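Input: a single structure, listed below in structure tokens.
Worth saying up front: this structure is predicted, and the values here are computed from it rather than measured.
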Amino acid sequence: MRIVTQVNFREVLRQSWQFDGVDVREFLKSKDSPFNDQADQTVSIDQLKAWIQLCGREHGDTCDSLKLTSEDGVAFPILLIDVNKRCLVRSTMTSRFLALSYVWGKVSTPETLRSNLKARLQPQGLPPALPKTIEDAILLSSQMQEQYLWVDALCIVQDDAEAKHSSIQSMDRIYSAALATIICLHGKDANAGLPGVRPGSRKPQNIETRYSLLAMVSHPPPLKYALEASAWHHRGWT
């Protein structure tokens with residue numbers, strides 16, 4: 001729990017980005033406040049984009065240096081999802097792309113195979129329904145105006161032993177080369193979804209008001225503890 005004050009409410013209350021006013025009491029008590037809106041509770045796309053821009057300004061050269069190439073000097077080839085055309089495209093690790101890290105679990109995922117690769121390289125070639133976490137990552141990438149996304153189940157040809165082995169051996173390089181990695185700490189399988197991407201996908205913060213003056217709200221635990229408690233933390237690779 002965190003105490004809410006006039007000074008810190010924009011840091012503590014996650015939907016404050018939707019609030020144009022300046023009085024925290026109005027934000028907490030108004031029935032029309034985004035804080036109390038059960039139907040929305042989405043993340044701020046502008047904030048996510050601002051963090052990426054900040055990363056580029058503060059340590060862009062360091063991050064760019066991680067975009068490694070294969071031993072013969074040719075950029076490492078990979079498949080990416082074009083989130084606008086909803087299909088796979090052939091590319092390299094030098095492209096600008098987001099990556100998804102998540103838990104497969106026991107959910108049936110329509111993997112990319114040699115038999116369906118050609119079809120998936122055509123516009124709208126991906127299956128119309130994918131596990132919820134993957135669908136949310138595609139939507140989030142589109143909302144952030146990022147065209148390309150890497151997801152292992154779709155971007156590795158699962159029954160091509162040589163290509164699969166090469167991709168698994170280069171997993172660290174793929175994630176290092178990504179502009180940013182979307183990590184799903186929520187849930188235990190690929191249908192958990194990404195809370196906050198779609199309206200209504202997470203509940204409003206709980207609030208306790210004491211003596212009509214002191215307000216306390218639920219607040220996420222420190223990242224270290226959230227990671228340790230997640231199923232994602234115990235997966236094969238992260």
Side-chain angles (χ1 to χ4, degrees), residues 1-60 63 83-84 96 98-102 132-147 149 178-188 191-233:
M1 301 292 286
R2 289 281 300 275
I3 296 175
V4 184
T5 69
Q6 184 65 43
V7 174
N8 72 3
F9 83 95
R10 291 201 177 276
E11 172 193 348
V12 175
L13 304 177
R14 68 185 184 209
Q15 300 307 126
S16 61
W17 66 272
Q18 296 173 309
F19 180 59
D20 294 330
V22 295
D23 189 343
V24 63
R25 291 171 297 183
E26 176 187 355
F27 182 64
L28 291 174
K29 295 181 179 180
S30 173
K31 293 182 179 179
D32 299 325
S33 167
F35 178 80
N36 298 307
D37 186 356
Q38 296 276 348
D40 194 351
Q41 300 298 314
T42 51
V43 299
S44 169
I45 299 300
D46 287 342
Q47 181 65 73
L48 298 180
K49 293 166 70 174
W51 283 336
I52 289 178
Q53 291 170 0
L54 177 63
C55 176
R57 290 196 306 270
E58 297 295 331
H59 47 88
C63 290
V83 301
N84 298 326
R96 179 183 172 106
L98 298 175
L100 174 66
S101 184
Y102 65 112
K132 191 174 179 182
T133 299
I134 298 176
E135 289 286 3
D136 283 355
I138 290 174
L139 175 59
L140 180 60
S141 299
S142 178
Q143 291 173 335
M144 293 177 64
Q145 299 178 310
E146 296 295 340
Q147 186 173 0
L149 171 70
L179 175 70
T181 298
I182 303 166
I183 298 176
C184 182
L185 295 183
H186 172 69
K188 298 181 179 180
N191 270 331
L194 299 173
V197 172
R198 299 177 190 272
S201 59
R202 60 180 179 177
K203 297 180 180 179
Q205 289 172 280
N206 292 325
I207 181 171
E208 293 184 14
T209 303
R210 301 179 181 180
Y211 310 115
S212 74
L213 294 176
L214 178 63
M216 301 182 69
V217 297
S218 59
H219 197 267
L223 180 59
K224 176 180 183 294
Y225 300 116
L227 287 170
E228 291 177 351
S230 69
W232 175 87
H233 184 68

Side-chain contact test, heavy atoms from C-beta onward, threshold under 4.5 Å: evaluate it for [X] versus [Y] and give yes or no.
{"X": "Leu100", "Y": "Thr181", "result": "no"}
{"X": "Asp136", "Y": "Pro195", "result": "no"}
{"X": "Glu58", "Y": "Gln53", "result": "no"}

For [X] versus [Y], what's the shortest heavy-atom pair and its separation?
{"X": "Gly193", "Y": "Cys184", "result": "O-SG, 3.3 Å"}
{"X": "Ala192", "Y": "Gly187", "result": "CB-CA, 3.7 Å"}
{"X": "Ile52", "Y": "Ala180", "result": "CD1-CB, 4.2 Å"}

According to side-chain contact (heavy atoms from CB on, under 4.5 Å), who are the partners of Val43, at least two apart in sequence or on a separate chain?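 Checked Val43 against side-chain contact (heavy atoms from CB on, under 4.5 Å); matches are Ile45, Leu48, Arg202.
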Set of residues satisfying side-chain contact (heavy atoms from CB on, under 4.5 Å) with respect to Gln47, sequence neighbours excluded: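 Counting only residues at least two positions away or on another chain, Gln47 forms a side-chain contact (heavy atoms from CB on, under 4.5 Å) with Ser44, Ala50, Trp51.
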Roughly how far, to the nearest 0.5 Å, is the [atom2] atom of [Y] from the [atom1] atom of [X]?
{"X": "Asn191", "Y": "Ile134", "atom1": "CG", "atom2": "CD1", "answer": "9.0 Å"}
{"X": "Gln143", "Y": "Asp46", "atom1": "CD", "atom2": "CG", "answer": "11.0 Å"}
{"X": "Ser141", "Y": "Leu149", "atom1": "OG", "atom2": "CG", "answer": "4.0 Å"}

Short question: side chain of Ser142, backbone of Ile138 - any donor-acceptor pair under 3.5 Å?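 Checked: no pair found.
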Between Thr42 (side chain) and Val197 (backbone), is there a donor-acceptor pair under 3.5 Å?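 Not at all, since once roles are kept as given, no pair shorter than 3.5 Å links the two residues.
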Dump the intermediate steps for side chain to side chain contact (heavy atoms under 4.5 Å, CB included) on Leu194 and Ser201, then the final yes or no. CA-CA 8 Å; Leu194 299 173; Ser201 59; over 6 Å; no
Please assess Glu146 against Arg96 for the test side chain to side chain contact (heavy atoms under 4.5 Å, CB included), listing each intermediate value before the final yes or no. CA-CA 8 Å; Glu146 296 295 340; Arg96 179 183 172 106; 2.7 Å; yes
For Asp40, what residues pass the salt bridge (Lys or Arg N to Asp or Glu O under 4.0 Å) criterion, not counting sequence neighbours?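 Here no residue qualifies.
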Report the C-alpha separation of Lys49 and Gln145 in whole Å, then their side-chain angles, then the decisive distance to 0.1 Å, and conclude whether the side chain to side chain contact (heavy atoms under 4.5 Å, CB included) test is met. CA-CA 9 Å; Lys49 293 166 70 174; Gln145 299 178 310; 2.9 Å; yes
